[in-house]
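All remarks here apply to the structure that follows.
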There are 2 protein chains.
Amino acid sequence: MQMVRRAAYGVRPVTSIDDSDPLFIQSIGRAAQVMAVFHDAAKPLTLNEIATRCGIGKSAVQRVVHTLRHLGYVERAEDDRGYVPGIRFLDNTLDYLRLNPLIARASPVLLELRRNVRERVDLSLRDGLRLVYASRLQSKRETFFATLVGQSVPVYCTSGGMAVMAHLDDDEVDDIIERSDRVPITPRTITEPDAIRRQVCQARDNGYALALEQVLVGEVAIGVAILGHGGRPLGAIHVAGSLAEWEADVFCKRFAPLAVEAAGAISRL
Amino acid sequence: MQMVRRAAYGVRPVTSIDDSDPLFIQSIGRAAQVMAVFHDAAKPLTLNEIATRCGIGKSAVQRVVHTLRHLGYVERAEDDRGYVPGIRFLDNTLDYLRLNPLIARASPVLLELRRNVRERVDLSLRDGLRLVYASRLQSKRETFFATLVGQSVPVYCTSGGMAVMAHLDDDEVDDIIERSDRVPITPRTITEPDAIRRQVCQARDNGYALALEQVLVGEVAIGVAILGHGGRPLGAIHVAGSLAEWEADVFCKRFAPLAVEAAGAISRL
DNA sequence: ACGAGCGTATCGCATAGCGATATCAATACT
DNA sequence: AGTATTGATATCGCTATGCGATACGCTCGT
């Protein structure tokens, strides 16, 4: 399996700081911008790097970082060179997960599913053009990134995303396809609009979606949508395995029904 | 096993908003205060609840929440009543985990450890008086809370905490004991300073710490410190099992050496 | 049908945050 | 070793900005 290069796909850039909105507090927007800079950072960043990368004056960054540091949202790097995000974010993430009723009720279902399939089981939630992994249960052998909560993948080309799109109107699907920047992640990533639409249709027929090496080379994944109020898809369950161990159709026959059942148990129409 | 009641133990309250610090940006502090309100919330909160709970004017809260909402750090609750933390925090948590070299290099080691022990394996990082779980690998049967990244436990009474304290000076240990509010979490939680000190001494001798039902009834846990620059303990590895399955000393004999080895592989003196 | 409570909007004033600049410390370079 | 470069910290005046107080419309619950 090949390492995923980027930290996250389609991470929404900080919602454009809206100057016209009189309610929007600029300082908080700045803080968010500063934190967002780390989304595509591979190492700790200095004040100047932060300043240039987000087009804010150095003084402002100085005070923002100072403040965030006091609050625990930014830390100095291990070797005292530059800054990294702080541990305090984990507290807020915990609150997010705790207070999300979907995740709470999904948890036992996922654990049960995991017990039965003995492959990787994930729960992702939709956020615009991407699915964000909110809960991950590892299989025996895993990579570092496959254990990380917060990882996100595009809707338009992944098993979960297909499953989600299967429950959206055609024009919503088209909208997603159009607005996504469809750069192939693996050689087999589907980027053609028509091919995507065909996959979506197939997912509508089956009640689940199958994806081959869309994000990770050598990976086969099944996605099933989780539905909320009025049948709107909120996210998806994924079961993922290795093509080295499984024939795609065997994988599918064996695990799709279980995944569908699990997703049904979590959905609340 | 008994459900953990509080969301997190010893979560540091938002570092007192320092009025005297001229560099501190008040608005960001307010935003942090607002987010911190969710730490001890069991349900979505309304604007008024947030306002009263953090002693800020209603108008301020209104704008802060409005802003945070635009940024994705706050969402409306599922049923459109009240607010909850937003999914955007997952992005920052991911950056935190990604950019933390300790976690990155720990990951394969933990997976290997997990493979060998087949019990729950956790990695926690120290943040003041608490250990925050940063990486969690589940065993077969788990509770919801045992899967959550961001959960935190007190240093003074847990296996990981004992292991950490074993690498601190006596006065630092005393300081931790003193500053912790030592409310028993289970009936067997050790809260007596002398008893704690004895446990720490034992951990010093053994190179690991054993904890029985300190946080969860029916749980046995081994903690081993992870050391950084100059031997300072940065966090700990935990191996946790059920007393229904294991005799404490058997558990210990069997897994302690493996945990110690793993911790050694992660440490960087 | 009515009231309580929640979210939204407006506006003037005072303050809080930004830009520009300077200083000190530590690392990189020759 | 001496210097140049880059990073972090500090200061200060001006103006934009965020807060308080208040008022309005809306949806629930009884």
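This is a predicted model, so every value here is computed, not measured.
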Problem - Counterpart residues, ring-ring contact (aromatic ring centres under 6.0 Å, His included), relative to A/Phe89 (two or more places apart) - result: A/Tyr73
Problem - Protein proximity profile, nucleotides 21-30 of chain D - base contact B, sugar-phosphate-only contact S, no contact -, cut-off 4.0 Å on heavy atoms - result: B------SS-
Completion exercise
Residue set satisfying side chain to side chain donor-acceptor pair (under 3.5 Å) with B/Asn48, at least two apart, ordered chain then number -> none
Handout entry: 5' priority, DNA chain C, between B/Leu45 and A/Gly57 [closest heavy atom]
Key = B/Leu45
Problem - B/Arg76 side-chain N/O to C/dG7 phosphate OP1/OP2 under 4.0 Å - result: yes
Exercise for the section: Specify the separation, in whole Å, of atom OH of B/Tyr83 and atom P of C/dC6. Expected result: 11 Å
Handout entry: ring-ring contact (aromatic ring centres under 6.0 Å, His included) against B/His66, all qualifying residues, sequence neighbours excluded
Key = B/His70
Problem - Sugar-phosphate only, base, or nothing, as touched by B/Ile25 at under 4.0 Å among non-hydrogen atoms - result: sugar-phosphate
Problem - Between P of C/dG17 and CZ of A/Arg63, the distance in whole Å - result: 6 Å
Completion exercise
Here the side-chain hydrogen bond (donor to acceptor under 3.5 Å, both in side chains) pairs for residues 166-176 of chain A, sequence neighbours left out, are A/Asp170-A/Arg204, A/Glu172-A/Arg232, A/Asp174-A/Arg197, A/Asp175-A/Arg179
Handout entry: Distance, rounded to the nearest Å, where A/Gln33 contributes CD and C/dC18 contributes P
Key = 11 Å
Problem - Distance under 6.0 Å and angle within 45° of ring axis: A/Arg76 vs A/Tyr83 - result: yes
Problem - Candidates B/Leu131, B/Ile237, B/Val153, B/Ile226 - the one meeting side chain to side chain contact (heavy atoms under 4.5 Å, CB included) with B/Ser124 - result: B/Leu131
Exercise for the section: Determine: side-chain N/O of B/Arg69 to OP1/OP2 of C/dT8, distance under 4.0 Å, yes or no. Expected result: yes
Exercise for the section: Compare side-chain N and O positions of A/Ser27 against OP1 and OP2 of D/dG18 and report whether any pair is under 4.0 Å apart. Expected result: yes
Practice task
Would you work out how much the helix from C/dA1-D/dT30 to C/dT30-D/dA1 bends between its ends, with each end axis defined by five base pairs, to 10 degrees?
Solution key: 60°
Problem - Under 4.0 angstrom between B/Asn48 side-chain N/O and C/dC6 OP1 or OP2 - result: yes
Exercise for the section: Using heavy atoms to find the nearest nucleotide of DNA chain C for A/Leu23 and B/Gly82 separately, return the residue whose nucleotide is more 5′. Expected result: B/Gly82
Exercise for the section: In plain terms, say whether B/Asp91 and A/Arg130 are close enough for a salt bridge, that is, a side-chain N and a carboxylate O under 4.0 Å apart. Expected result: yes
